[in-house]
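A, B, ... follow the sequence lines: proteins, then strands. Residue 1 opens every chain. In what follows, every heavy atom counts, from backbone to side chain, and hydrogens, waters and symmetry copies are set aside.
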Amino acid sequence: MSITYCGGTNKMKPMLPTYYPEAPKSTDWRYEVKYDGFRAILTIDAHTVKITSRNGKELSSLFPEISTFINDLDLKSFLPLQLDGELVWLTNEAKADFFEVQWRGRLRKQSLISEKANFTPCRFIVFDLLRINGNDLTTNSMSERRKMIKNLGEILELPMPPNPNDKALIQLIESYVDLDKAINKVILLDGEGIVAKEIQSTWQEGKRSTSWIKVKNWRAVSCFITALNKENGYVSLAVYKGNEITKIGSVKNGLSAHDKSILHELIKQNASEEDEQFFYIHPSICIEVQFLHVYEENELREPQFSQWLLQTSPNECTWEKFVISQFTFPDSIQISSRDKPLWIIDDKQVIKVEYLQYLREVSAFFLPFLKDKLLTTIRYPHGSMDNEKFFQKNKPDYAPASIKTFWDEGIEYMLCNDIETLLWFGNQLALEFHTPFQKAGKVKPDEIVLDLDPPSIEFFSLAIKAALEIKKVMDSLNIQAFVKTSGNKGLQIHIPLPEDIFSYQETRMFTDFLGHYLISSYPDDFTMERLKKNRQNRLYLDFVQHSEGKTIIVPYSPRGNPFAGVATPLYWEEVGERLQLKDFTIETVPNRIKRLGCAFKDYRHVNNGPTFLEVLSFLKQKKTNS
DNA sequence: GGGAGCA
DNA sequence: TGCTCCCAACGCTGT
DNA sequence: ACAGCG
């Protein structure tokens, strides 16, 4: 066997999985989530960190955040260390976005790279350990290597399974004993697929091995053929959008040689037209095509022929069915009326599965704010366009038993602590999620939220002005504050506090002080006047809203308003005259997170406790003096 | 969205 | 079988 | 006590 030295000139070619349509199922195998990113080997010695791609390209300078993170780890006793894994842009526990990492890999401008590294860092997901302490482990069995990875992860406190909301940039893959559990997880979280690994297998350099088997999480669409490309053999695919034929992509792979020749003959013989490049054919031949996901509206990623649809008429291949086919959910998640329209934005419908997809996309950032809080949802059983809506707190009898509940004042509240529950709420058409400021069972708030709601959208600039004034005060007090849109017409300031320390009476002293400061500084802009008729067009500082029993819209909750607004965490730099609330919707927020990250990612990492205590004692003193 | 109560 | 109804409810403040 | 506000 050959030994590869760290820092040497040898290029380590990774062991590769073999593609199978189905995973082997036995106790000799373990199952891992397959992430869509760059396969890479991480080599760390006392002086250098190297990230090497599958084709031997050096990636560490393109992803400097990984090296920076590693340099802060205490690895001395493990060096030289070599890890096998995937460099990814993590969406959730079981999904990575290939386009984001690919785009990152193409950046060359240093300033842009470091900006991205800071706001939307990529992560290295470890699934194998090749060397530790300089000892070669590649001839050890997979199960032995796995044990050592787990051990290393525990010592270094690296997250497992991966979590995009965790600041650690090296994270560990989970290894499942149960195939169905792994598949269920991947389908639930819209992942790429799984890799099955034989427990006795060794790590074989540069080899495509049948000890590692990859299985993809395919989506499938029924469509018809419109053309054959003479040059490259690609077949154009389309569906009906009303009466119009709409292209959805093209496919070449997946056909046997026999099927391929049948298909090409069929198109040539029935062609309605022919030019230099294509044979064209009217809708008649229907096929099912598998793909991983759709990009740019009408291109399929990794399309594959899966079967002939001889019994299907082209009329049955519709755009609506195509949209639904993109989103698969495990059988354990029951979804009714998948195509029900919930919002209509400029003639474009957002249907129920697209809403569920939104929830799944933001879940890693949304769920932490719902965790262990008594939930009030607003349900729109006929979508946001209909007048009928109602609040719901109590767990209905038909809710799944798996949902955790908490009794408070005669109400059995539901807690939304996991993605399954979130999707259940989504299927129930809960479009808005509201929570109090304290965790279930606690009497003291863990945050202050200030609601800056202008009298109407025309006066939105007042909310901006108030937010920026409050930011100035917070900066001068050295208190860290966060800002988000309400999803409707205003802004909200969040101030995280340590849990269960300060009382509502104390936070009230602070909001009173802030309110009085603002109205005395800008009496024409802000008011604390309760009576509407006395407010004129001033912004009402409803700081009374901050008390026990009151609720506030949760970050990343959608709103049941016509433009599908989302309560969106913002960066302070974005708060200015150019801010447009209509830009923050269920259509835009998932991409926003990919481009800019979550603006609240430090929310539970800041400690406002000591400074808030100081400010309070100052306010208390002021009160006794006056 | 889904159950219950009712005709 | 189809219809209608239900699904929250608190606290603060000015008069 | 009650209306008005969120």
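For the pair A:Lys393 NZ and C:dC10 C1', the interatomic distance rounds to 8 Å; values are reported in whole Å. Across the protein-nucleic acid pair, A:Asn534 atom CG and C:dG14 atom C1' stand 10 Å apart, rounded to whole Å. One atom, NE2 of A:His434, and another, C1' of C:dC10, lie 15 Å apart when rounded to the nearest Å. Computed from coordinates, the A:Lys389 NZ to C:dA8 C1' distance equals 13 Å when rounded to whole Å. Computed from coordinates, the A:Glu548 CD to C:dG11 P distance equals 8 Å when rounded to whole Å. Separating the CD atom of A:Glu529 from the C1' atom of C:dG14 is a distance of 9 Å, rounded to the nearest angstrom. Taking atom CG of residue A:Leu374 and atom P of nucleotide C:dA8, one finds them 14 Å apart after rounding to whole Å. The NZ-C1' distance, from A:Lys533 to C:dT15, rounds to 10 Å in whole Å.
A:Asp397 comes within 4.0 angstrom of no nucleic acid atom, judged by non-hydrogen atoms across all strands. Residue-level contact check: A:Lys340 touches the backbone only, with heavy atoms under 4.0 Å from sugar-phosphate atoms and none from bases. Counting non-hydrogen atoms under 4.0 angstrom, A:Ser336 reaches the backbone sugars and phosphates but no base. Contact annotation for A:Thr376: no contact, since no heavy-atom pair falls under 4.0 Å across all strands. In this structure, A:Lys352 reaches the sugar-phosphate backbone alone: every heavy-atom distance under 4.0 Å involves primed, P, OP1 or OP2 atoms, never a base. In this structure, A:Glu388 reaches the bases: a heavy-atom distance under 4.0 Å links it to at least one base atom across the strands shown. Within the 4.0 angstrom heavy-atom criterion, only backbone atoms of the sugar-phosphate kind lie near A:Asn427; the bases stay farther away. Across all strands, A:Lys532 comes closer than 4.0 Å only to sugar-phosphate atoms, never to a base (heavy-atom distances).
When DNA chain D is scanned 5' to 3' for any atom under 4.0 Å from a heavy atom of chain A, the first and last hits are D:dC5 to D:dG6. Think of the region where chain A sits on DNA chain B: with heavy atoms and a 4.0 Å cut, that region ends 5' and 3' at B:dG1 to B:dG3.
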Please table the atom pairs, donor to acceptor, closer than 3.5 Å between any side-chain atom in residues 467-474 of chain A and protein atoms at least two apart or in another chain.
from, atom 1, to, atom 2, distance (Å)
A:Glu469, OE2, A:Lys472, NZ, 3.2
A:Glu469, OE2, A:Tyr522, OH, 3.1
A:Lys471, NZ, A:Asp475, OD1, 3.1

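When only modelled atom types and interatomic distance are considered, A:Arg219 and A:Gln326 share no side-chain donor-acceptor pair under 3.5 Å. Side-chain polar atoms of A:Asp446 and A:Gln438 form no donor-acceptor pair below 3.5 angstrom. Residues A:Gln492 and A:His494 bring no donor and acceptor atom of their side chains to less than 3.5 Å of each other. Checking A:Asn427 against A:Lys352 by side-chain atom types alone, a donor-acceptor pair falls below 3.5 Å. Side chain to side chain, A:Tyr603 and A:Glu447 meet the donor-acceptor criterion of an N or O pair below 3.5 Å. With hydrogens and angles left out, the side-chain atoms of A:Arg360 and A:Gln357 include a donor and acceptor closer than 3.5 Å. No side-chain N or O of A:Ser557 forms a donor-acceptor pair with one of A:Glu432 less than 3.5 Å apart.
Using a 4.5 Å heavy-atom cutoff, the side chains of A:Phe365 and A:Pro555 are not in contact.
Residues forming a side-chain hydrogen bond (donor to acceptor under 3.5 Å, both in side chains) with A:Asp386 (at least two apart in sequence, or on another chain): none.
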**Message:** Could you spell out the base pairing of DNA chain C as a dot-bracket line? Use Watson-Crick and G-U wobble contacts where both distances are under 3.5 Å, [ ] for crossing pairs, | for partners on a different strand.
**Reply:** |||||||..||||||

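Each of A:Thr551, A:Thr405, A:Asp408 was checked for a side-chain contact (heavy atoms from CB on, under 4.5 Å) with A:Leu374, and the lone residue meeting it is A:Asp408.
The stretch residues 455-471 of chain A has no heavy atom under 4.0 angstrom from DNA chain B at all.
Among all heavy-atom pairs drawn from A:Leu570 and A:Leu579, the shortest one is CD1-CD2, 3.8 Å. Shown here for A:Ala364 and A:Pro164, the closest heavy-atom pair between the two residues is CB-CG, 3.4 Å.
We find that A:Glu458 and A:Lys489 are not joined by a salt bridge, their nearest charged nitrogen and carboxylate oxygen being 4.0 Å or further apart.
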**Request:** Applying side-chain contact (heavy atoms from CB on, under 4.5 Å), run through A:Leu300 and A:Tyr295 and close with a yes or a no.
**Result:** CA-CA 6 Å; A:Leu300 306 177; A:Tyr295 64 99; over 6 Å; no

